[in-house]
Amino acid sequence: MIGPTTANAVGGLRKVIEDSNDDTEDVALFDAEEEAAARPRKSEIRHPVASFFHLFFRVSAIVVYLLCELLSSSFIACMVTIILLLSCDFWAVKNVTGRLMVGLRWWNHIDEDGKSHWVFESRKASSQENKTVSEAESRIFWLGLVACPVLWVIFAFSALFSFRVKWLAVVTMGVVLQGANLYGYIRCKVGSRKNLTSMATSYLGKQFLRQNTGDDQPS
């Protein structure tokens with residue numbers, strides 16, 4: 001028979017094991033909740049203001065162009081409004097929305113010798129927040145960046161074939177300004193992939209040469 005001392009010891013040991021299991025479960029659950037809350041979601045819009053203005057100026061310019069004859073009888077007022085919207089869109093997309101929404105940036109600078117240099121950059125993930133780019137923002141950015149210049153090209157051909165010569169300057173501004181941003185960000189995207197490809201090719205070439213050199217050496 002088990003004495004009272006042994007029974008008390010077994011009961012105490014059982015209680016210690018249960019308490020330790022309870023503590024372990026509580027800590028794991030708390031850590032999981034913290035990790036889930038800190039993990040960025042790919043589907044959420046992290047920069048709603050930038051996403052709004054990424055589409056606002058360019059869509060507004062297209063709407064004003066399509067409805068200009070209904071909104072105002074003055075061609076000069078419509079032309080100035082469209083050019084202002086296009087200029088605001090060019091500045092916002094080039095300097096703000098591209099950097100925040102997809103981590104891309106391009107610009108031009110002149111060195112000490114007076115030579116002009118175009119720079120196309122892709123942001124490197126340096127923190128936990130920047131490791132995951134929002135897929136929703138990326139779709140919004142590239143959809144607006146590609147679709148609107150295509151519409152301005154269609155407007156340009158329409159104005160040319162319908163002999164609306166006075167609108168050619170306006171649609172040309174739309175093609176040039178929005179096409180410049182499209183070209184710049186495509187260069188940023190393609191350039192970053194080319195850099196990765198060149199780095200991988202260089203690494204594989206060095207490994208291949210090292211193996212061949214090691215094989216050719218006499219034992």
Side-chain angles (χ1 to χ4, degrees), residues 43-110 114-123 133-194:
S43 60
E44 68 180 1
I45 297 178
R46 300 167 61 185
H47 305 93
V49 177
S51 301
F52 171 77
F53 283 103
H54 178 72
L55 298 176
F56 174 74
F57 291 118
R58 53 184 50 213
V59 172
S60 298
I62 293 174
V63 171
V64 172
Y65 175 79
L66 293 175
L67 303 178
C68 60
E69 295 181 355
L70 298 177
L71 298 176
S72 176
S73 59
S74 175
F75 168 75
I76 300 298
C78 293
M79 181 183 68
V80 171
T81 303
I82 294 172
I83 292 177
L84 285 176
L85 290 172
L86 291 173
S87 301
C88 293
D89 170 74
F90 178 81
W91 183 89
V93 174
K94 179 180 179 295
N95 298 302
V96 181
T97 62
R99 178 174 56 85
L100 293 178
M101 298 174 68
V102 291
L104 302 176
R105 184 175 61 174
W106 66 275
W107 76 94
N108 176 269
H109 74 92
I110 299 176
K115 294 182 180 180
S116 178
H117 298 277
W118 292 94
V119 182
F120 305 92
E121 277 191 344
S122 177
R123 182 181 59 194
V133 177
S134 173
E135 294 180 358
E137 286 186 352
S138 180
R139 292 193 190 99
I140 293 173
F141 179 83
W142 289 108
L143 178 62
L145 195 70
V146 174
C148 292
V150 172
L151 290 177
W152 283 111
V153 171
I154 296 174
F155 295 157
F157 282 104
S158 176
L160 181 63
F161 292 142
S162 61
F163 300 102
R164 300 175 64 188
V165 181
K166 64 180 182 179
W167 288 104
L168 282 178
V170 178
V171 295
T172 301
M173 286 289 295
V175 173
V176 171
L177 292 178
Q178 296 193 358
N181 268 325
L182 177 61
Y183 173 77
Y185 283 113
I186 288 178
R187 284 290 304 272
C188 292
K189 195 71 173 177
V190 175
S192 61
R193 291 180 180 178
K194 284 185 177 180

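- Between the CD atom in Gln178 and the CE atom in Met173 there is a gap of 10.5 Å [rounded to 0.5 Å].
- Here the closest non-hydrogen pair linking Leu86 and Val170 is CD1-O, 4.3 Å.
- Of the inter-residue distances, the one linking Ile110 atom CD1 with His117 atom NE2 reads 9.0 Å to the nearest 0.5 angstrom.
- Using bins of under 30°, 30° to 60° and over 60° for the plane-to-plane angle, the ring pair Phe120/Trp118 lands in the parallel bin.
- The nearest pair of heavy atoms linking Phe90 to Ala180 is CE1-CB, 4.0 Å.
- Side-chain contact between Trp167 and Phe75 is present, with at least one heavy-atom pair separated by less than 4.5 Å.
- Between the side chain of Arg58 and the backbone N or O of Gly144, at least one donor-acceptor pair lies under 3.5 Å.
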Requested in this report: Apply the test side-chain contact (heavy atoms from CB on, under 4.5 Å) to residues Lys189 and Ile186: give CA-CA distance (whole Å), side-chain angles for both, the deciding distance (0.1 Å), then the verdict.
Outcome: CA-CA 5 Å; Lys189 195 71 173 177; Ile186 288 178; 5.7 Å; no

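- Taking CD1 of Ile62 as the start and CG of Leu67 as the end, the distance is 11.5 Å to the nearest 0.5 Å.
- Pairing each heavy atom of Val175 with each of Val153, the nearest pair is CG2-N, 3.9 Å.
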Report task. With side-chain contact (heavy atoms from CB on, under 4.5 Å) as the test, would you mind laying out the steps for His54 and Val93 before giving the verdict? Result -> CA-CA 6 Å; His54 178 72; Val93 174; 3.7 Å; yes

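- Contact annotation: the side chain of Arg105 never approaches that of Cys188 to less than 4.5 Å [non-hydrogen atoms, C-beta and beyond].
- Separating the SG atom in Cys78 from the CG atom in Leu71 is a distance of 6.5 Å, to the nearest 0.5 Å.
- The side chain to side chain contact (heavy atoms under 4.5 Å, CB included) test applied to Val171 returns Tyr65, Trp152, Phe155, Ala156, Leu168, not counting sequence neighbours.
- Taking CG of Leu84 as the reference point, atom CE of Met79 lies at 10.0 Å (rounded to 0.5 Å).
- With Ser134 contributing its side chain and Glu44 its backbone, the two residues share a donor-acceptor pair below 3.5 Å.
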Query - Ile45/Ile140 under side-chain contact (heavy atoms from CB on, under 4.5 Å): CA gap, chis, key distance, verdict - result: CA-CA 10 Å; Ile45 297 178; Ile140 293 173; 4.0 Å; yes

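- Put simply, SG on Cys148 and CG on Leu143 are 8.0 Å apart, with the number rounded to the nearest 0.5 Å.
- The two atoms that bring Ala50 and Leu100 nearest to each other are CB-CD1, 4.0 Å, heavy atoms only.
- Judged by distance alone, the side chain of Tyr185 and the main-chain N or O of Leu145 form no donor-acceptor pair under 3.5 Å.
- Of all the heavy atoms in Ser116 and Asn108, the pair that sits closest is OG-ND2, 2.6 Å.
- Of all the heavy atoms in Glu137 and Met101, the pair that sits closest is O-CE, 3.3 Å.
- Atom CH2 of Trp91 has 12 or fewer heavy atoms from other residues, nucleotides or ligands within 6.0 Å.
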